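Residue numbers count from 1 along this sequence. Just so it is clear, the structure is predicted and the values come from calculations on it, not from any experiment.
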Amino acid sequence: MKTRKSKAGTKITVMAIATAVGAVAIKWKRLFVLWMVGMCCLGISQSVQAQCAARNEAFQSGEHVMYDLYFNWKFIWKKVGLASLTTNATTYHSEPAFRFNLLSVGSKKTDFFFKMRDTLTCYVSDRLEPLYFRKAAEEGSRHTVDEAWFSYKDGVASVKQRRTWYNPVREPQEMEYSDSRCIFDMLSILAQARSYDPKDYKVGQKILFPMATGRRVEEQTLIYRGKEDVKANNDTVYRCLVFSFVEYKKGKEKEVITFFVSDDRNHLPIRLDMYLNFGSAKAFFKSVRGNRYPMTSVIGKK
């Protein structure tokens, strides 16, 4: 009986963890969407009109950043995958441009329960204007592709978006949106925001902004929390700027994600804490190569 009970208990625990890991994998795409959105807090509060050009002050072609992804269920921390963010100079419609790729992949162990393969790609001009965005997601048996095309005319920014369903097969979903403000996706806003200087922010300041997801344009809210020392997955401690992504339900503020961004000219995401109904998730900075500036936010090793 004791052995059977032990095996049954183990089986239930494994199934519970598998269910939780699958659930967090479903949300992982949104987690990274919001992580990249969080980077826009460095400068989107400026009254930017549809003239969306900016000067690149933060990155260079060849930058490659790696992250480890973890999920917590009760007292158990489980590594569920990894992510990489790469930047390369290229052309778009024969004009100079930058291409950004964000890839998140589940580990072999989590693939046994739930397959996760998300790839986000965007193109911006050499003046950092959003041009094209694509998000391909394989989550379990579902496979979708979201796309966004950006255009500018007479001081107005427009975006055409489309979701294509490959599994299950459905009719494509399309929408168009225009705004006198700049419209960004989660990667193009990262490209611009990394060049902004956040020194004028005050603790508690709220930042409101619109973002195209590939399906809709959403209004988001971030709050600047100040600075904090954060340990990454390379045993290094970084001085970071801290921001909170919040939602409002029935007039109450709920913190959804906390962002920790390196307090140096690179403005790299160092850690992300996501609060879920059934646990929590974290993404830890692991390594970078090809960065434009030294990581002067490094405090020391632990």
Do the non-hydrogen side-chain atoms of [X] and [Y] ever get within less than 4.5 Å of each other?
X    : Y    : value
E253 : I223 : yes
V105 : L103 : yes
F259 : L241 : no

Does [Y] offer a backbone N or O that forms a donor-acceptor pair with the side chain of [X] under 3.5 Å?
X    : Y    : value
E63  : Q60  : no
E255 : M274 : no
D273 : K282 : no
S195 : E57  : yes
N56  : F59  : yes
S61  : A89  : yes

Can you tell me how far apart [atom1] ([X]) and [atom2] ([Y]) are? Round to the nearest 0.5 Å.
X    : Y    : atom1 : atom2 : value
T121 : N101 : OG1   : CG    : 4.0 Å
I299 : K231 : CD1   : NZ    : 13.5 Å
R55  : D126 : CZ    : CG    : 12.5 Å
T296 : N266 : OG1   : CG    : 7.5 Å
K160 : S151 : NZ    : OG    : 10.5 Å
C52  : L128 : SG    : CG    : 10.5 Å

Salt bridge (charged side-chain N to carboxylate O under 4.0 Å, His left out) involving [X] - partner list, sequence neighbours excluded:
X    : result
R265 : none
D229 : none
R170 : none
D263 : K227, R239

Is the count of non-hydrogen atoms from other residues, nucleotides or ligands lying under 6.0 Å from K252 atom NZ greater than 12? no

[X]: side-chain hydrogen bond (donor to acceptor under 3.5 Å, both in side chains) partners, not counting sequence neighbours:
X    : result
Q173 : W165
N88  : none
Y132 : E147
Q161 : none

Run the salt bridge (Lys or Arg N to Asp or Glu O under 4.0 Å) check on R127 and E95 step by step: do they pass? CA-CA 11 Å; R127 300 191 303 163; E95 296 293 332; over 6 Å; no

Full working for side-chain contact (heavy atoms from CB on, under 4.5 Å) between V217 and V159: CA-CA 9 Å; V217 175; V159 59; 4.1 Å; yes

Give the minimum heavy-atom separation between P130 and D185, together with the two atoms involved.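 Where P130 meets D185 most closely, the heavy atoms are CB-OD2, 4.5 Å.
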
Return the minimal non-hydrogen interatomic distance between S178 and S158, and the atom names on each side.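 Scanning both residues completely, I find the closest heavy atoms to be OG-OG, 2.8 Å.
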
Quick one: list whatever passes side chain to side chain contact (heavy atoms under 4.5 Å, CB included) with [X], sequence neighbours left out.
X    : answer
A232 : N234, Y238, I270, F285
N233 : D68, Y70, F284
S287 : M66

In one Ile/Leu/Val/Met/Phe/Trp/Tyr side-chain cluster, 4.5 Å: [X], [Y]:
X    : Y    : value
L131 : F184 : no
F133 : Y152 : yes
L85  : V288 : yes
Y293 : V298 : no
V256 : Y224 : yes

Aromatic ring proximity Y123/F100, centre distance under 6.0 Å: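 Between Y123 and F100, the centre distance exceeds or equals 6.0 Å.
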
R163 and E171 ion-paired at < 4.0 Å: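 So R163 does not pair with E171 through a salt bridge.
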
Check ion pair R215-D146 (N to O, under 4.0 angstrom):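 Answer for the salt bridge query: no.
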
Check against side-chain contact (heavy atoms from CB on, under 4.5 Å), R162 and W149: CA-CA 9 Å; R162 179 175 65 202; W149 295 265; 3.5 Å; yes

Decide whether [X] and [Y] meet the rule of one side-chain donor and one side-chain acceptor closer than 3.5 Å.
X    : Y    : result
D179 : Y177 : yes
Y67  : S104 : no
S297 : D264 : yes

Can C122 and R99 be said to form a side-chain contact (heavy atoms from CB on, under 4.5 Å), step by step? CA-CA 6 Å; C122 91; R99 182 182 68 245; over 6 Å; no

Please state whether the rings of Y201 and F243 are parallel, tilted or perpendicular, taking 30° and 60° as the class boundaries.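 Plane angle over 60°, so perpendicular.
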
Members sharing Y166's hydrophobic cluster, built from side-chain contacts under 4.5 Å between Ile, Leu, Val, Met, Phe, Trp and Tyr, are V145

L268 and R194: side-chain contact (heavy atoms from CB on, under 4.5 Å), yes or no, with the steps? CA-CA 8 Å; L268 286 173; R194 288 179 61 184; 3.5 Å; yes

